[in-house]
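Take a look at the structure below.
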There are 2 protein chains.
Amino acid sequence: MPRRIREQQIIDVAVQVFARRGYHPASVDEIAELAGISKPMVYLYLDSKEGLFLACLRREAERLVAAFQGAARDVRTPELRLWAGLSAFFAFVAEHRDSWVVLHRQASQLSETITAEVAQARRAVMAEVAGLVRDGIGEALGPVPVADEEADFVAHALVGAADSLTDWMERHPGESPERVTRRLMNMVWVGMRNVLAGEIWTPPAGSGPQGPEPAGRSGAPAAPAGPAGEGRSVRE
Amino acid sequence: MPRRIREQQIIDVAVQVFARRGYHPASVDEIAELAGISKPMVYLYLDSKEGLFLACLRREAERLVAAFQGAARDVRTPELRLWAGLSAFFAFVAEHRDSWVVLHRQASQLSETITAEVAQARRAVMAEVAGLVRDGIGEALGPVPVADEEADFVAHALVGAADSLTDWMERHPGESPERVTRRLMNMVWVGMRNVLAGEIWTPPAGSGPQGPEPAGRSGAPAAPAGPAGEGRSVRE
DNA sequence: TCGTAATCTTACTCACCAGTAAATTTACTT
DNA sequence: AAGTAAATTTACTGGTGAGTAAGATTACGA
């Protein structure tokens, strides 16, 4: 069995085990056994437990960012890019829950080097989102000096909300990533007060990106075509 | 040294250590030493490492909920209650960072019983927030059948956003909890589109609760009086 | 067929840490 | 002062798990 393939097999298993048990309770012995291989192989290929975890981290982070970027790419307006990106995020998390757990829910209790890496992965995602938000602000207001800090703030809030809604989705299996995204857009983009007043946001039909499917695995459907709508509509 | 006091001392130290190291890497030996006592004392009073962690969890959760409830109590409109609650949350997290880390950032990799407890604590917070949101929706729309699920959704998004903004605050030491809250309210309650259009939300002067300070420790100032404003204002 | 480089295993070592047994000291009551 | 209950310690055990040494097996080109 050639090295490249073995490595991926090991990482596949490791992501599952790290997600289920957490970093410290996960044992390299168990990972090796589930991968159908003996422990020294893991050390030969991935150096250490930490190295193994970092490999998991990097691969999954890459996949998530790719899914996010791929979905938002080629979408015209900032508003719809944000929608496409969030949609891809929810789809990714729904399909690869283990990836997300490893990626985000392991941050605090790990070693210096790992936290640094997690923080960097998180920053990468944050930067993507902040970019989309900044575009939106920029388009509406033109170049404004405080926009960077403001966009960063909004990005943090959005990513945090999306993360938490991951739990909500788990308890509402009927909900599709698209519906969740639409609700979030309503809440953030239109605002609760206006939603309560009857205003809603609906993605226009056929607004998905036209580019080819990007790197991210099977999942992460690019911005799916929601039900018909005018992009911005007001009810009542 | 009487038992009650020792227990609190131990828990004080344990919260710090658990927050810094995470559950598994934290050793009872270290906690005992930092608390200035020997290990068997910890086991005598708190039963086990898990018991110790649960004690930390319960105490900090109680404090946070108390701060939240205390701030929102006696505030008249749902809108301002939400503001007061969020404000108290940010103030609490800013002042007791360790509590928040133990409370929330340790969820996935722990034992069955602990995850259950964490989930319950989280649900308690979520229920508080959902209550405020439901009030808001109820006030605007009257009794609506779907309101419960909708409120739960919004609560998840809000709590997640608030959690993530915790990190943002850490990198922006100049920002006060009140300013962060105001920004979040703008984003969620008014909506980005309307914010971009020039609309902003400002809490009216002197709108804090009049009741006595509740259980929560020193921190968690009740809804602070923001700068003057009309509660809902439009710029430009 | 020989050699060599990769793949892979068995069988350890060593450190750390949760939990405990068995006292010992302190403080308070009668 | 005697007695007893609480507070507190020293000194262990047992298990687990990261990491490794040393060698076995396969693949394959010269």
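Treat the numbers as computed from the prediction; the structure is a model and nothing was measured. To find a chain, count down the sequence lines: A is the first, B the second, and so on, and within it residues start at 1.
- The distance between atom CD1 of A:Ile31 and atom C1' of D:dA18, rounded to the nearest whole Å, is 12 Å.
- Side chain of B:Val28, nearest nucleotide from D:dT8, C:dC8, C:dA18: C:dA18.
- Mapping A:Arg3 and B:Ala26 onto DNA chain C by nearest heavy atom places A:Arg3 at the nucleotide closer to the 5' end.
- Salt-bridge check for A:Arg183 with B:Glu149: passed, with a basic side-chain N closer than 4.0 Å to an acidic carboxylate O.
- Between B:Cys56 and B:Ala14, the shortest heavy-atom contact is SG-CB, 3.6 Å.
- The side chain of B:Lys49 lies closest to C:dA18, out of C:dA18, D:dG19, D:dT8.
- Rounding to whole angstrom units, NZ of residue A:Lys39 and P of D:dA18 are separated by 6 Å.
- When rounded to the nearest whole Å, the span between CD of A:Glu30 and P of D:dA18 equals 10 Å.
- Distances were taken from every side-chain heavy atom of A:Pro40 (C-beta onward) to each of D:dA21, C:dT20, C:dT7; the shortest belongs to D:dA21.
- Separating the CD1 atom of B:Ile37 from the P atom of D:dT9 is a distance of 7 Å, rounded to the nearest angstrom.
- When the side-chain nitrogen and oxygen atoms of A:Arg6 are compared with OP1 and OP2 of C:dC8, one or more of them lie within a distance under 4.0 Å.
- Using the six-membered ring where Trp is involved, B:Phe18 and B:Phe53 have ring planes that are perpendicular, over 60° apart on the 30 and 60° scheme.
- In summary, B:Glu30 and B:Arg21 engage in a salt bridge, as defined by a charged side-chain N under 4.0 Å from a carboxylate O.
- The listed nucleotides are C:dT9, D:dT9, D:dT8; the one nearest the side chain of A:Met41 is C:dT9.
- Within the 4.0 angstrom heavy-atom criterion, no nucleotide atom of any strand lies near A:Ala32.
- Rounded to whole Å, atom P of C:dT7 lies 11 Å from atom CD1 of A:Ile10.
- When the C1' atom of D:dA7 is taken as reference, atom CD1 of B:Ile5 falls 13 Å away, rounded to whole Å.
- Put simply, CG on B:Leu46 is 14 Å from C1' on C:dG19, counting in whole angstrom units.
- Atom pair B:Leu44:CG and C:dA22:P shows a separation of 16 Å (rounding to whole Å applied).
- Side-chain proximity of A:Tyr43 to the nucleotides C:dA18, D:dG19, D:dT8 is greatest for D:dG19.
- Here the side chain of B:Tyr45 is nearest to one of D:dA7, C:dG19, C:dT10, namely D:dA7.
- Among the protein residues, A:Ser27 comes within range of the sugar-phosphate backbone only, with heavy atoms under 4.0 Å from sugar or phosphate atoms but none that close to a base.
- Taking 4.0 Å as the cut-off between side-chain N and carboxylate O, B:Glu7 and B:Arg3 count as a salt-bridged pair.
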